[in-house]
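Comments concern the structure below.
None of these values were measured; they are calculated from a predicted model. Sequence lines set the chain letters: A, B, ... in the order given, protein chains first and strands last, and positions in each chain run from 1.
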Amino acid sequence: MSKRVYLDYSATTPMKKEVLDEMLPYFTEKFGNPSSIYSFGREAKQAVDTARERVAKLIGAKTNEIYFTAGGSEADNWAIKGIAYANKDRGNHIITTKIEHHAVLHVCEYLEKNGFDVTYLDVDKYGLIDLEVLKNAITDKTILISIMFANNEIGTIQPIKQIGQIAKERGIIFHTDAVQALGNVEIDVDELNIDLMSMSAHKIYGPKGIGALYIRKGVKIHSFVHGGAQERRRRAGTENVPGIVGFGKAALMAMENMDHHINHLKMLREKLIKGIMEKIDYVRLNGHPEKRLPGNVNMVYEFIEGESLLLSLDMVGIAASSGSACTSGSLDPSHVLMAIGLPHEIAHGSLRLTIGDFTTEEDIDYVLEQLPKIVDRLRQMSPLYENVKGGQK
Amino acid sequence: MYSEKVMDHFTNPRNVGEIENADGVGQVGNAKCGDIMKIYLKIENDIIEDVKFKTFGCGSAIASSSIATEMIKGKTIQEALELTNKAVVEALGGLPAAKVHCSILAEQAVKAALLDYAQKNNIEIKGLEDFNPDADHHEHHDEEIDE
């Protein structure tokens, strides 16, 4: 296998060379503990401060509203548990959706076992929530609304500003998991009425193991890790300085490249969708046609199963992902594909291709050359395809 | 994640296709669970002269059906009936725990095709009396975690 094409940028992104270069000194010569007062500590602290400023700037926040975490899942956990327990004197009701990342869903399920009530909103066939349904779900006990910015599987972008507005009018705290949206959508936390927002560095060409939670000043939240005074006493533990520096650099680059990045991804996305539609029958696009992440192409290929599609693509060097049950170890296809109303047998044939900064037109051409052959081969093997060949369906 | 043998049978599956006027056809699984196997048999003088399969499913489902057809081709009906899912797993050089149900499907698809043959020819095959091709083959193995 010579050619390799990576189309799973929603899973993780390669780190940019510039990011690595900026991180490297903080492993070795600039190794100090930011809490130490001597020069070694001061230069590390300075680096953390700069990174915090850069992340804040990317989302229109104040520097002291950014709290570094070990990643997106930790940020989600902290936001939801921290808000729930700090505000339980005001109520015990949380509203979220059926298509959240498991870092949100499983926290909500955990809270349900501990005295909280959770409403999981339905979504329409595009993966969008209904704002009227959201309004009607609010009770006088609702303390938190947690709705993801953009979905990791199907790429659908929610009406975040309106959701934030609804929450604000009712005095409810609004958290959004923006792990997939960061760097791919313009975000201004003030304009969008966001109170808490989860972020991750490795989705924006930064390192793994570092993320952040934006917490609007004045929001009542419990500390996540008790101990030292790091992160304004809310998340103790010596800072992951190289990681934080890398996140800062990635955030800076994301801000500077935003327009070019979005246009590049959208152009390739449209080329890929159009090519697949032209070359392969019985396919459909999952998610919203316009309100979607610039790099997300999630489609269903009827009569075949996603894992065998992934294996076949891997053999020709193409890395992708699927919502099929067989890739998750459970018997059900992804909860997101179920929530948008796909029947099981259709959902099993889903394939997600996600495009990033290093994807080229040649990569897309290569996929458009390989994918139809693979789909055809698997369909020839499928008992579900027999009736279709004759023209009936 | 998969053995070389599984990848070999997934990449170059043996005996893919259909047999026209097959003597026995068996289909098990359902699209809801993500896998369907269909096996066609040509039987002469108690010997499985030819066998073909079609499978909708993951890599291990395709590999399991492929190797199962190889294992019963040229065998007697009784020998084919002795094909167990364990033998399929062993022949494949192992399957991940979550994929063992694919091998069970393969065993059941062979039995379902033999049952169809028996019913078409109004004969009884010893060992198939209690076989129910529609029985649920799936088992859940979720780990319980204390919180």
Side-chain angles (χ1 to χ4, degrees), chain A residues 1 77 81 106-114 300-316 322-334 337-338 342-350 374-390, chain B residues 1-2 6-18 20 25-40 52-66 69 95-102 105 109 112 136-143 145-147:
Chain A
M1 181 173 70
N77 270 262
K81 289 183 206 167
H106 289 170
V107 175
C108 288
E109 287 160 18
Y110 164 78
L111 288 175
E112 279 183 291
K113 290 181 194 157
N114 289 279
V300 151
Y301 304 79
E302 290 188 51
F303 321 117
I304 57 177
E305 191 277 331
E307 194 228 48
S308 50
L309 202 46
L310 288 189
L311 285 175
S312 305
L313 285 167
D314 183 39
M315 285 190 293
V316 295
S322 166
S324 139
C326 286
T327 57
S328 68
S330 82
L331 296 177
D332 287 322
S334 102
L337 300 178
M338 294 286 94
L342 290 189
H344 274 76
E345 60 270 32
I346 304 277
H348 284 298
S350 79
I374 289 167
V375 169
D376 187 55
R377 187 182 95 90
L378 292 171
R379 280 181 177 170
Q380 293 308 326
M381 264 192 253
S382 168
L384 297 175
Y385 193 55
E386 283 169 20
N387 303 331
V388 185
K389 285 181 299 182
Chain B
M1 145 190 187
Y2 285 137
V6 172
M7 287 311 289
D8 174 35
H9 276 268
F10 170 67
T11 321
N12 308 295
R14 330 300 198 246
N15 306 309
V16 178
E18 295 157 48
E20 268 190 57
V25 181
Q27 181 172 316
V28 293
N30 63 64
K32 200 169 172 258
C33 296
D35 30 36
I36 299 176
M37 280 182 201
K38 195 169 181 181
I39 286 193
Y40 302 78
K52 297 268 188 219
F53 82 90
K54 283 219 167 166
T55 291
F56 160 81
C58 59
S60 59
I62 290 170
S64 294
S65 27
S66 167
T69 61
L95 278 179
K99 301 289 186 177
V100 169
H101 74 91
C102 295
L105 262 192
D136 190 2
H137 65 283
H138 278 128
E139 290 164 55
H140 256 297
H141 298 285
D142 279 348
E143 255 183 272
I145 296 166
D146 288 330
E147 289 187 292

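Of the atoms belonging to B/Ile62, it is side-chain heavy atoms, and not backbone ones, that fall under 4.5 Å from chain A. For a residue to count as touching a neighbouring chain, one of its non-hydrogen atoms must lie under 4.5 Å from one of that chain's; by this rule B/Pro96 does not touch chain A. With a threshold of 4.5 angstrom between heavy atoms, B/Ser65 does not approach chain A through any atom at all. For chain B, the nearby part of A/Arg377 is the side chain; its heavy atoms alone come within less than 4.5 Å. For a residue to count as touching a neighbouring chain, one of its non-hydrogen atoms must lie under 4.5 Å from one of that chain's; by this rule B/Met7 touches chain A with the side chain only.
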Stepwise side-chain contact (heavy atoms from CB on, under 4.5 Å) test for B/Lys54 and A/Gln380 = CA-CA 8 Å; B/Lys54 283 219 167 166; A/Gln380 293 308 326; 5.5 Å; no
Pair A/Met315-B/Phe10, side-chain contact (heavy atoms from CB on, under 4.5 Å): steps then yes or no = CA-CA 11 Å; A/Met315 285 190 293; B/Phe10 170 67; 3.6 Å; yes
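No side-chain donor-acceptor contact under 3.5 Å links A/Glu305 to the backbone of B/Gly34. A/Ser308 contributes a side-chain N or O that, together with a main-chain N or O of B/Gly57, makes up a donor-acceptor pair within less than 3.5 Å.
Atom CG in A/Leu384 sits 10.5 Å away from atom OG1 in B/Thr55 (nearest 0.5 Å). Atom CG in B/Asn30 sits 9.0 Å away from atom NE2 in A/His344 (nearest 0.5 Å).
Contact annotation: the side chain of A/Met381 never approaches that of B/Phe56 to less than 4.5 Å [non-hydrogen atoms, C-beta and beyond].
Taking both residues in full, the closest heavy atoms of B/Cys58 and A/Glu307 are given as CB-OE1, 3.0 Å, listed atom of the first, atom of the second, then distance.
Across A/Leu378, A/Leu311, A/Ile346, A/Asn114, the residue that shares the most heavy-atom pairs under 4.5 angstrom with chain B is A/Leu311.
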